[in-house]
K.L.:
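First the structure, then my questions, so here it is.
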Amino acid sequence: MQRLSRAAWIYLATVLLAAASVFVHVLVPDLDWDVTAQVAQILLVLAILYLICDSTPATLTSRQSAWSPSSSAALAAVVLLGPAGAATVGAMSLFSLRRGGLRERAFNGAMNALSAFAAGEAYLALGGHVGVPKPGWFPAVILPFAVAAAVHVAVNHGLLWGMLLLLPPAGVSPQRGRLDLHLPLLLVSDLGYATLGLLIAALWDLVGPFAAVLVLIPLFVARWAMGQFAAQEGAYSATMAALCQAVETKDCYTRGHSERVSRGATMLAREIGMGADRVAAIRYAGMLHDVGKLGVPTKVLQKTGPLSAEELAAIQLHPMRGLEIVRQIGFLTEALDGIMHHHERMDGKGYPMGLAGHEIPEFARVIAVADAFDSMTSARSYRGARRIEDAVAELRKWSGSQFDPVLVGAFIAALRREGWESQPARPPAGFGGGAAAQDHDDPTAPLRVAGNR
Ligand SMILES: [Fe+2]
């Protein structure tokens with residue numbers, strides 16, 4: 001369990017005390033509120049619903065955080081039971097099956113009770129009615145409910161952020177990292193799930209407790225389907241990682257190269273306004289662009305002297321070998337063009353097909369720029385890493401003849417905005433052992449061929 005700073009302990013205690021005061025001063029006197037069989041039934045159903053939702057969050061995709069529709073139950077309680085009932089439902093988080101230790105459970109229970117209570121108070125303050133909604137309540141109830149949903153999200157995320165900011169060491173908690181990345185998405189999705197609370201409440205008069213089932217079952221089915229999608233995406237990533245690892249094991253001087261080319265190609269793709277699907281595909285293309293090296297003899301890849309004509313031909317076949325290796329992987333689609341043609345040149349002097357200008361697929365022109373840039377800015381056994389400014393100058397120099405000039409300009413703009421992590425100036429110790437003294441991606445050091453000096 002993570003150690004808390006003094007400030008975090010004080011913060012935790014304050015949140016717990018605030019929640020306790022809600023229950024002592026508001027909830028307990030409210031217990032003489034008309035606890036009819038119907039109120040008890042609503043409270044029980046919503047508490048169970050909240051617990052189920054909170055205990056079974058689902059990750060939608062690798063780029064998103066866990067998803068839990070528990071706020072639907074809390075907001076339904078705001079309408080059906082009022083602030084005290086909503087706080088009770090929110091406090092169910094204390095018993096959630098996914099929470100960690102007692103401290104985390106206590107904080108989450110208090111946080112969710114307070115946010116539900118604040119939402120209930122906001123709802124009442126704006127004239128919202130409490131109870132099972134009647135048709136005549138609409139549309140007057142919509143505005144108070146919308147404000148209550150916004151208050152719920154704001155208080156919930158505000159209290160959570162307060163704690164994450166105080167967690168030691170500041171700023172490096174994985175939870176906080178996820179929130180930094182996904183905050184806008186989380187806010188919007190939480191607001192959306194909160195809105196479902198009104199739907200549950202509105203249906204209660206008609207179908208009773210089945211309102212919750214009617215509203216949330218389709219969501220759970222959708223969530224299951226999206227969870228499958230996330231699992232599939234994870235399998236894709238694992239496939240990519242395994243193939244990259246195989247290439248880098250065979251050709252050890254390219255350690256990390258595939259990942260960096262993928263990052264550079266993605267930056268460039270975003271810069272020129274490619275859609276999300278194509279950006280995802282080019283990420284794969286960058287990772288797998290040299291997978292064909294698996295089909296090139298290791299002794300040729302690691303040769304330190306000039307290459308024979310046959311050895312050069314073997315290296316120049318790697319884009320086609322790459323295509324043969326991965327063409328059966330259905331999801332790669334346009335990425336295959338990038339793998340096949342990433343060594344074509346704008347002047348038609350590249351390989352394997354000798355395509356020129358815009359005959360070269362866009363994916364391949366993008367990969368070519370990112371590939372050469374990473375090759376130049378990484379250390380090789382025959383030279384140190386070039387400075388980023390020098391590599392940019394080389395890209396400009398070869399713009400038009402080797403690289404697409406529009407893409408070179410866009411890549412430089414993306415570099416200025418997003419930056420690039422410099423690689424070590426010298427290869428790590430032991431790097432030269434068995435590593436190639438030549439790099440087919442380096443435009444400043446073309447492959448040396450025997451009899452061609
Ligand atoms: Fe290559």
Side-chain angles (χ1 to χ4, degrees), residues 240 243-266 268 281-303 307 311-327 329 332 334-355 360-382 391 394-395 398 401-404 407 411 423 435-449:
M240 301 294 103
L243 285 167
C244 286
Q245 184 62 48
V247 172
E248 294 184 4
T249 301
K250 180 165 177 147
D251 188 11
C252 52
Y253 87 93
T254 58
R255 209 170 298 154
H257 173 67
S258 306
E259 184 65 45
R260 291 192 300 271
V261 171
S262 176
R263 203 179 318 138
T266 305
L268 176 46
I282 213 160
R283 186 170 73 85
Y284 290 144
M287 288 183 79
L288 293 179
H289 72 284
D290 271 344
V291 71
K293 284 181 179 172
L294 292 173
V296 179
T298 308
K299 67 176 191 312
V300 175
L301 287 176
Q302 298 188 347
K303 187 166 181 181
L307 302 171
E311 289 166 340
L312 178 67
I315 285 187
Q316 292 189 335
L317 267 181
H318 81 271
M320 302 191 65
R321 294 266 180 264
L323 186 69
E324 287 164 13
I325 291 170
V326 297
R327 76 185 327 158
I329 302 180
L332 288 177
E334 202 179 353
L336 297 177
D337 287 339
I339 294 166
M340 170 74 174
H341 296 292
H342 70 278
H343 284 295
E344 305 285 1
R345 294 170 48 117
M346 292 297 280
D347 57 12
K349 294 180 182 168
Y351 60 89
M353 307 284 284
L355 301 181
I360 306 168
E362 189 178 31
F363 267 37
R365 283 179 277 132
V366 168
I367 299 284
V369 173
D371 193 16
F373 180 78
D374 181 67
S375 169
M376 291 188 284
T377 52
S378 306
R380 294 289 179 258
S381 56
Y382 58 92
E394 288 293 335
L395 286 181
W398 300 100
S401 56
Q402 183 164 350
F403 306 116
D404 182 332
L407 296 181
F411 186 69
Q423 297 303 305
Q438 305 190 60
D439 178 2
H440 71 286
D441 298 328
D442 185 349
T444 65
L447 296 175
R448 287 173 295 134
V449 182

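Just so we're clear, the structure is a prediction, and the values are computed from it rather than from any experiment. Whatever order the structure lists them in is the order used to number ligands and atoms, beginning at 1.
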K.L.:
Between Glu334 and Ile282 (side chain of the first, backbone of the second, donor and acceptor by atom type, cut-off under 3.5 Å), is there such a pair?
P.N.:
no
K.L.:
Restricting to N, O or S, what is the name of the atom of His343 that lies nearest the Fe ion (ligand 1)?
P.N.:
NE2
K.L.:
Output yes if Asp290 passes the N/O/S-under-2.8 Å test against the Fe ion (ligand 1); output no otherwise.
P.N.:
yes
K.L.:
Run the salt-bridge test on Arg321 and Glu324 with the 4.0 Å N-O cut-off and return the result as yes or no.
P.N.:
yes
K.L.:
Can you tell me how far the CE atom of Met240 sits from the CG atom of Leu332, to the nearest 0.5 Å?
P.N.:
5.0 Å
K.L.:
So that I can check it, does any N, O or S atom in His342 come closer than 2.8 Å to the Fe ion (ligand 1)?
P.N.:
yes
K.L.:
With no hydrogens and no angle check, do the side chains of Arg260 and Thr377 hold a donor and an acceptor under 3.5 Å apart?
P.N.:
no
K.L.:
If you consider just the N/O/S atoms, which atom of His318 is the closest one to the Fe ion (ligand 1)?
P.N.:
NE2
